[in-house]
Amino acid sequence: MYRILYFLFFLSYSRVICFSFSNSTKLCPHHQNVALLRLKQTFSVDVSASFAKTDTWKEDTDCCSWDGVTCNRVTSLVIGLDLSCSGLYGTIHSNSSLFLLPHLRRLNLAFNDFNKSSISAKFGQFRRMTHLNLSFSGFSGVIAPEISHLSNLVSLDLSIYSGLGLETSSFIALTQNLTKLQKLHLRGINVSSILPISLLNLSSLKSMDLSSCQLHGRFPDDDLQLPNLKVLKLKGNHDLSGNFPKFNESNSILLLDLSSTNFSGELPSSISILKSLESLDLSHCNFSGSIPLFIASLDNLTELSFLDLSNNKLEGVIPSHVKELSSLSSVHLSNNLFNGTIPSWLFSLPSLIELDLSHNKLNGHIDEFQSPSLESIDLSNNELDGPVPSSIFELVNLTYLQLSSNNLGGIVETDMFMNLENLVYLDLSYNILTLSNYNHSNCALPSLETLLLSSCDISEFPRFLCSQELLAFLDLSNNKIYGQLPKWAWNVGTETLSYLNLSQNMLTRFERFPWRIMQYLDLHSNLLQGPLPSLICEMSYIEVLDFSNNNLSGLIPQCLGNFSKSFSVLDLRMNQLYGTIPKTFSKGNLIRNLDFNGNQLEGPLLRSLINCRRLQVLDLGNNRINDTFPHWLETLPELQVLILRSNRFHGHVRGSNFQFPFPKLRIMDLSRNGFSASLSKIYLKNFKAMMNATEDKMELKFMGEYSYRDSIMVTIKGFDFEFVSILFTFTIIDLSSNRFQGDIPDFIGSLSSLRELNLSHNNITGHIP
Ligand SMILES: *[C@@H]1O[C@H](CO)[C@@H](O)[C@H](O)[C@H]1NC(C)=O
Ligand SMILES: *[C@@H]1O[C@H](CO)[C@@H](O)[C@H](O)[C@H]1NC(C)=O
Ligand SMILES: *[C@@H]1O[C@H](CO)[C@@H](O)[C@H](O)[C@H]1NC(C)=O
Ligand SMILES: *[C@@H]1O[C@H](CO)[C@@H](O)[C@H](O)[C@H]1NC(C)=O
Ligand SMILES: *[C@@H]1O[C@H](CO)[C@@H](O)[C@H](O)[C@H]1NC(C)=O
Ligand SMILES: *[C@@H]1O[C@H](CO)[C@@H](O)[C@H](O)[C@H]1NC(C)=O
Ligand SMILES: *[C@@H]1O[C@H](CO)[C@@H](O)[C@H](O)[C@H]1NC(C)=O
Ligand SMILES: *[C@@H]1O[C@H](CO)[C@@H](O)[C@H](O)[C@H]1NC(C)=O
Ligand SMILES: *[C@@H]1O[C@H](CO)[C@@H](O)[C@H](O)[C@H]1NC(C)=O
Ligand SMILES: *[C@@H]1O[C@H](CO)[C@@H](O)[C@H](O)[C@H]1NC(C)=O
Ligand SMILES: *[C@@H]1O[C@H](CO)[C@@H](O)[C@H](O)[C@H]1NC(C)=O
Ligand SMILES: *[C@@H]1O[C@H](CO)[C@@H](O)[C@H](O)[C@H]1NC(C)=O
């Protein structure tokens with residue numbers, strides 16, 4: 001894994017970031033020659049590395065002439081070693097001959113794979129070292145505290161993805177002792193410390209990258225006294241809080257990245273003093289409050305090229321009088337509370353490449369775009385109205401266009417997209433748009449990977465799809481496509497399509513399943529008739545199959561229990577299927593939701609259901625299943641919803657030998673069956689999940705992944721409700737219309753999270769506790 005990772009890095013970056021600085025005049029001393037050759041021997045070189053610096057290292061030649069080696073001009077001692085991106089693999093032990101080069105001032109071993117070597121105390125012996133770079137080279141463990149002895153260091157880069165730690169005391173010692181530091185890059189190292197004040201006394205610091213260092217505590221509120229600081233990255237320290245840092249006129253910062261931290265408060269309007277600012281990333285923080293003054297003060301930032309304020313709680317109207325942002329190429333303001341119209345300057349930025357204003361409350365029309373270099377536009381999930389501006393179709397480099405979930409209206413001519421040769425992602429769903437000319441026989445549209453046209457008033461399977469050879473995601477749901485798919489449609493994306501949503505149309509037949517890598521197929525709420533052919537089981541990568549609310553009849557193909565290793569959701573609710581549910585569910589399956597509600601299934605339940613260890617929802621309601629209570633399901637660790645309503649279940653519902661049967665059950669509907677038992681003897685008492693469902697913060701959590709929302713039908717006060725998404729806190733017991741008897745036990749009161757309890761139409765006696 002490590003090796004592949006570093007190798008990939010090597011391939012992609014070696015040309016760009018690797019350079020060497022070798023030259024000198026005198027011959028290198030013999031013992032240094034020997035040490036270097038020995039060092040070379042401890043590594044193997046990745047055969048796929050296109051060139052290795054160590055290839056030029058040969059016996060009986062002057063080491064000062066070797067690639068990556070720099071010698072002192074006078075003494076010829078080796079003072080620099082740059083083996084970055086050399087495809088080296090091997091361990092650096094503390095007896096490595098690397099440590100026989102005590103005169104080293106610069107050492108760069110970045111982007112190799114040192115096989116989880118430790119950064120040992122020996123590194124602390126390079127007292128003259130000014131530049132140490134061990135980034136992304138597979139070191140691991142805890143960095144020896146002796147690193148803080150390198151008090152001449154000007155540049156220290158130990159960045160890594162993960163696997164390295166630095167003890168808090170070492171970190172503090174480092175910030176106190178390495179006072180000459182200009183570059184401090186410890187990205188990804190687990191420092192797990194509060195941000196030490198001493199860090200902000202490193203007055204020479206130009207570049208500080210402490211991203212993902214598990215820093216916590218509070219960033220100081222005082223003026224930042226780092227006049228040379230150009231780059232400050234604190235990204236991904238989720239527990240680091242503070243206000244927007246206080247800069248003053250003497251700061252000349254270029255890049256500030258506080259994303260994914262807990263910084264909060266309002267954004268200052270004094271940002272305009274950072275005249276050199278090129279990149280500002282404040283995304284995924286907790287900033288709040290009104291934005292207009294802040295944005296207006298961006299006016300003078302002529303160098304600003306990247307601006308990301310997304311995923312905060314910023315509000316207000318984006319001001320209209322901003323003008324000088326001629327370098328701005330990326331603007332991300334999504335997932336905030338901005339309202340009002342989109343100001344015209346956002347449509348006329350000369351260098352703009354990415355514009356993301358999605359998930360706000362912006363209204364009004366979309367202006368014509370005057371930024372010819374635009375590649376990505378996301379205005380989805382706002383309240384925008386009016387037509388899709390025609391200038392969009394002139395943006396020759398556009399690859400990503402996302403306009404869904406607005407109130408955009410009017411007609412979109414499909415052939416307009418023909419010019420957009422680079423387009424790969426198009427989403428026009430959930431507007432009040434009408435798509436026209438989609439049935440031209442000259443099938444022309446750029447080659448898309450994602451096409452989402454839900455609710456676009458489409459009445460036939462669009463002809464232009466026949467030329468789509470790369471399509472992976474297709475959503476044509478909620479349209480008026482009627483009858484059968486045309487013959488050519490079965491050839492669309494057979495090798496590429498993994499997501500197909502044709503739900504909420506008027507399709508009557510669907511007989512083939514030619515898509516080899518399909519993962520998600522949704523045909524719910526159509527008019528499909530006839531049996532489900534077992535061809536369906538040829539889609540061996542399928543995860544979600546939804547055929548609910550159709551008119552399918554016949555038997556359920558038995559292969560459905562056992563055909564795709566990743567199968568997760570099978571929804572056949574509300575059809576006319578009969579026979580039994582699939583008999584064999586293989587061991588280790590990943591099935592999460594089985595919904596057979598509202599069919600005519602019969603027979604006893606088969607025990608192989610117990611192989612569905614991941615099952616969360618089992619809905620067998622409104623069928624003709626004749627069996628006793630399936631006690632054996634009580635060990636399913638994830639089962640949350642069990643609906644047996646209106647079947648022919650009968651017999652006793654007993655207690656259990658387990659302390660916590662059905663450990664996660666929150667909805668149990670046994671109504672309208674022939675169950676009998678004394679209430680005091682049945683389960684209820686042990687339903688752990690119904691006692692302590694957590695409702696903190698009223699956060700709405702839904703079961704299921706983003707793509708498929710579990711839905712169930714429940715009856716409350718005599719009315720059937722369909723809950724399209726099941727709230728985690730929704731807890732119900734419905735035992736109505738059975739033959740339960742005896743007293744209502746007192747322990748029912750301990751089910752403190754219960755929202756609905758229906759015991760009506762039984763033979764219950766005694767008092768109500
Ligand atoms: C460390 O070396 C790599 C590869 O040469 C380079 O990309 C990176 O910028 C260096 N780090 C510092 C702080 O100079
Ligand atoms: C090394 O230095 C000499 C003299 O200073 C120069 O002529 C030669 O081009 C240099 N070689 C490299 C590889 O920079
Ligand atoms: C890499 O590390 C493993 C585990 O410590 C060790 O067995 C192996 O010999 C090392 N490989 C090299 C080339 O050092
Ligand atoms: C260096 O140390 C390692 C591990 O302690 C050992 O396996 C190796 O033999 C030593 N090499 C030399 C040259 O002493
Ligand atoms: C600071 O560096 C000096 C040598 O440069 C060293 O002796 C001393 O122990 C270091 N202090 C700490 C706290 O590491
Ligand atoms: C970081 O280190 C701390 C203290 O050593 C430890 O508790 C924590 O689990 C580590 N975090 C990660 C992500 O490794
Ligand atoms: C922009 O700069 C000009 C001249 O340097 C200054 O007068 C003006 O106040 C600045 N605008 C903002 C919003 O800081
Ligand atoms: C924007 O929202 C604020 C409340 O957050 C409201 O006071 C203001 O009137 C709204 N402005 C517009 C133009 O909708
Ligand atoms: C489109 O992209 C190409 C390649 O990156 C670039 O050369 C060209 O200038 C861009 N066109 C516009 C209008 O920005
Ligand atoms: C259930 O099955 C049993 C045995 O097969 C049969 O005797 C009984 O009548 C069935 N009950 C119902 C309600 O169909
Ligand atoms: C429910 O929560 C209470 C208090 O938080 C706790 O005492 C009790 O043990 C919990 N019950 C279960 C079954 O987890
Ligand atoms: C109702 O329960 C009583 C005992 O509590 C029993 O005698 C009676 O037969 C039951 N009725 C029915 C219809 O099951």
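First listed ligand is number 1; within each ligand, the first listed atom is number 1.
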Looking at ligand 3, does Y89 have a heavy atom less than 4.0 Å from it?
-> yes
Between R218 and D221, does at least one N-O distance fall below 4.0 Å, as a salt bridge requires?
-> yes
Ligand-side contact atoms (ligand 1) for residue partner A110, heavy atom cut-off under 4.0 Å = 2 (O), 3 (C), 4 (C)
State, with a plain yes or no, whether a side-chain heavy atom of N190 is found less than 4.5 Å away from one of L166.
-> no
Is there any N or O on S135 that sits under 3.5 Å from an N or O of ligand 1?
-> no
Specify the protein heavy atom at minimum distance from atom 14 (O) of ligand 3: its residue, its atom name, and the distance to 0.1 Å.
-> T91 OG1, 2.7 Å
Side-chain heavy atoms of I143 within contact of E167, under 4.5 Å | no
Provide the number and element of each atom of ligand 1 under 4.0 Å from a heavy atom of K183.
-> 13 (C), 14 (O)
Numbering the atoms of ligand 1 from 1, which are under 4.0 Å from a heavy atom of H185?
-> 13 (C)
Look at the aromatic rings of F263 and F219 and report parallel, tilted or perpendicular, splitting at 30° and 60°.
-> tilted
Select one of side chain, backbone, both or neither to describe which atoms of S155 lie under 4.0 Å from any atom of ligand 1, heavy atoms only.
-> side chain
Q125 side chain reached by P102 side chain, heavy atoms, under 4.5 Å | no
Hey, can you tell me if Y425 and Y400 have their rings parallel, tilted or perpendicular (30° and 60° cut-offs)?
-> parallel
For ligand 1, find out whether one of its N or O atoms is nearer than 3.5 Å to an N or O atom of N108.
-> yes
Side-chain contact, heavy-atom cut-off 4.5 Å: N112 with F114?
-> yes
Can you tell me which residue and heavy atom of the protein come closest to atom 9 (O) of ligand 3, and the distance to 0.1 Å?
-> N115 ND2, 4.7 Å
Test of proximity, H93 against ligand 4: N or O pairs below 3.5 Å | no
Kindly indicate, with the supporting measurements, whether the criterion side chain to side chain donor-acceptor pair (under 3.5 Å) is fulfilled by K275 and N300.
-> CA-CA 7 Å; K275 291 215 167 44; N300 279 6; over 6 Å; no
For N133, the atoms of ligand 1 under 4.0 Å from one of its heavy atoms are 1 (C), 2 (O), 3 (C), 8 (C), 10 (C), 11 (N), 12 (C)
Please check if a non-hydrogen protein atom sits closer than 4.0 Å to atom 7 (O) of ligand 3.
-> no
Give the residue and atom name of whichever protein heavy atom lies nearest to atom 10 (C) of ligand 4, and the separation in Å to one decimal.
-> N95 ND2, 2.4 Å
Before giving the answer on side chain to side chain contact (heavy atoms under 4.5 Å, CB included), spell out for L156 and L174 the whole-Å C-alpha distance, their side-chain angles and the decisive distance to 0.1 Å.
-> CA-CA 11 Å; L156 176 62; L174 187 151; 4.1 Å; yes
Using a distance threshold of 4.0 Å (strictly less than), state whether atom 4 (C) of ligand 3 has a protein heavy-atom neighbour.
-> no
